Amino acid sequence: MKNNKTLLSPEERKLFGDLMPEELEEVLTSGFNRRHFLKLMGLATSGMLASHLIGAEQLFARAATIEEIPHLIPEAIENGIHVNFKVNSTERKVLVDSRMTLLDTLRERIGLTGSKKGCDHGQCGACTVIVNGNRVLSCLTLAASCEGKSVITIEGLAKGSELNPMQAAFLKHDGFQCGFCTPGQICSAVALMKEAKEGQASFITGDIRNQKQGLLLSDEEISERMSGNICRCGAYPNIVDAIKEAQSGKNVEQNWLYAG
């Protein structure tokens, strides 16, 4: 992993100053490297990053771009092809096996590990990403089929330190527990809003002939349209509330209480 010497955002500076003060000067002078990343991962497993969520998210996203895509010897890959596509607004050219999935390409070749490999059979939705504005299961999508297309992953939804409204809503409504399915849930929810805006019907739509654009989705519609994303922890009610708030722009009261 190469040094990535850049100015720290206020959130990133506060994160290092509060939790890793001994590393702050080195990061400022030499850049953010793999050792810093591993220390942050250790803090993440202990739950110490909760109060520095934005700064941590920025650094984890930056870590995904620190290491440039390594060049592989073409002879080392059977049926190797070059795929040119845009990932989170950045042009990418990567050599992959023609049978390699988009999910494995994102995780293993580009280093974007936010998209998770759950079932690897297209049944859980944890690997959902957005391709040309539409949600797809990246474990069932060949990387070669994305030639010339635009791919958005969970790492590409925020704009700098500003979270995507859907991400903010998931945080507010506690729409996750273990978090493994959350990247796929959020990407699916973002694309779902586009589908509703375009008036696309779902399985439970009453009259598809009278579908109108800009649909305001009910709880039942949201649940149906998100049914391809499985949450083993069972955070479904909170996920529905988060999507309702993000789509309507109106405050949705939290319906959970702390125990005790």
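The structure presented is a predicted model; accordingly, all values stated were derived computationally and were not measured. Each residue takes its place number in the sequence, starting with 1.
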> Do Leu103 and Ile152 belong together in a cluster built from hydrophobic side chains that touch within less than 4.5 Å?
Replying inline: no

>> Please say yes or no: joined through hydrophobic side-chain contacts below 4.5 Å, possibly via intermediate residues, are Leu137 and Val83 part of one cluster?
In response: no

> Could you go step by step and tell me if Thr141 and Val131 meet the side-chain contact (heavy atoms from CB on, under 4.5 Å) rule?
Replying inline: CA-CA 10 Å; Thr141 303; Val131 177; 5.6 Å; no

> How far does OG1 of Thr90 sit from CZ of Phe85, to the nearest 0.5 angstrom?
Replying inline: 11.0 Å

> Between the main-chain N or O of Val94 and the side-chain N or O of Arg109, is there a donor-acceptor pair closer than 3.5 Å?
Replying inline: no

>> Looking at every non-hydrogen atom in both residues, tell me the closest pair between Cys231 and Ala235 and how far apart they are.
In response: SG-N, 3.3 Å

>> I'd like to know if the side chain of Lys250 and the backbone of Ala246 have a donor-acceptor N/O pair within less than 3.5 Å.
In response: no

> Checking Tyr236 side chain against Ser223 main chain: does a donor-acceptor pair fall under 3.5 Å?
Replying inline: no

> Is there a donor-acceptor pair under 3.5 Å between the side chain of Ser138 and the backbone N or O of Cys127?
Replying inline: yes

> Are Ile239 and Met193 linked, directly or through other ILVMFWY residues, by side chains that come within less than 4.5 angstrom of each other?
Replying inline: yes

>> With a 3.5 Å distance limit and no angle check, can you tell me whether Lys116 reaches the backbone of Gly114 through a side-chain donor-acceptor pair?
In response: yes

>> Would the distance check show the side chain of Asn88 and the main-chain N or O of Thr153 forming a donor-acceptor pair, the cut-off being under 3.5 Å?
In response: yes

> Is there a salt bridge (Lys or Arg N to Asp or Glu O under 4.0 Å) between Asp219 and Lys244 once you walk through the steps?
Replying inline: CA-CA 8 Å; Asp219 289 9; Lys244 283 177 63 178; 3.1 Å; yes

>> One pair to check against salt bridge (Lys or Arg N to Asp or Glu O under 4.0 Å): Asp241 and Lys172. What are the steps and the verdict?
In response: CA-CA 10 Å; Asp241 286 344; Lys172 173 185 174 182; over 6 Å; no

>> On a heavy-atom basis, which atom in Val240 and which in Ile222 lie closest, and how many Å separate them?
In response: O-CD1, 4.0 Å

> Can you check whether Asn84's main-chain N or O pairs, donor with acceptor, with Glu147's side chain at less than 3.5 Å?
Replying inline: yes

>> Closer than 3.5 angstrom, by distance alone: can the side chain of Asn79 be matched with the main-chain N or O of Ser98 as a donor-acceptor pair?
In response: no

>> Using side-chain heavy atoms (C-beta onward) and a distance below 4.5 Å, is Pro183 in contact with Ser115?
In response: no

> In Å, rounded to the nearest 0.5 Å, how long is the span from NZ of Lys86 to CG of Asn132?
Replying inline: 10.5 Å

> More than 12 foreign heavy atoms under 6.0 Å from CZ of Arg232: is that the case here?
Replying inline: no

> Are a donor atom and an acceptor atom from the side chains of Thr128 and Arg135 found within less than 3.5 Å of each other?
Replying inline: no

> Same cluster for Ile81 and Leu106 if Ile/Leu/Val/Met/Phe/Trp/Tyr side chains link at under 4.5 Å?
Replying inline: yes

> If you look at every heavy atom in Ala169 and Ala242, which pair is closest and at what distance?
Replying inline: CB-O, 3.3 Å

> Side chains of Ile110 and Val87: does their closest heavy-atom pair fall under 4.5 Å?
Replying inline: yes

>> Nearest 0.5 Å, please: how far is CD in Gln123 from SG in Cys139?
In response: 9.0 Å

>> Just verifying a value: how many Å separate Ile154 CD1 and Ile130 CD1, rounded to the nearest 0.5 Å?
In response: 8.5 Å

> Looking at CD of Gln167 and SG of Cys187, how far apart are the two atoms once the value is rounded to the nearest 0.5 Å?
Replying inline: 8.5 Å

> Considering all heavy atoms of both residues, which atom of Ala143 and which atom of Thr105 are nearest to each other, and what is their separation?
Replying inline: CB-OG1, 3.3 Å

>> Tell me whether Leu192 shares a hydrophobic cluster with Phe170, the cluster being built from Ile, Leu, Val, Met, Phe, Trp, Tyr side chains joined at under 4.5 Å.
In response: yes

>> With side-chain contact (heavy atoms from CB on, under 4.5 Å) as the criterion, how do Lys117 and Asp104 come out once you've worked through the C-alpha distance, each side chain's angles and the decisive distance to 0.1 Å?
In response: CA-CA 9 Å; Lys117 180 178 284 192; Asp104 286 341; 2.7 Å; yes

> Just by distance, do the side chain of Asn229 and the backbone of Gly125 share a donor-acceptor pair under 3.5 Å?
Replying inline: yes

>> Using side-chain heavy atoms (C-beta onward) and a distance below 4.5 Å, is Leu171 in contact with Phe176?
In response: yes

> For Val129 and Leu102, what are the C-alpha separation, side-chain angles and deciding distance, and is it a side-chain contact (heavy atoms from CB on, under 4.5 Å)?
Replying inline: CA-CA 9 Å; Val129 298; Leu102 175 59; 3.9 Å; yes

>> How long is the straight-line distance from CD of Gln185 back to CE of Met166, given to the nearest 0.5 Å?
In response: 11.0 Å

>> Within the structure provided, determine whether Leu216 and Gln247 are in side-chain contact (heavy-atom separation under 4.5 Å).
In response: yes

> Among Glu220, Glu221, Glu224, which residue meets the side-chain hydrogen bond (donor to acceptor under 3.5 Å, both in side chains) test with Ser202?
Replying inline: Glu221

>> Can you give me the closest heavy-atom contact between Val252 and His173, atom names plus distance?
In response: O-CE1, 2.9 Å

> Looking only at heavy atoms, what is the nearest atom pair of Cys181 and Ala126, with distance?
Replying inline: CA-CB, 4.4 Å

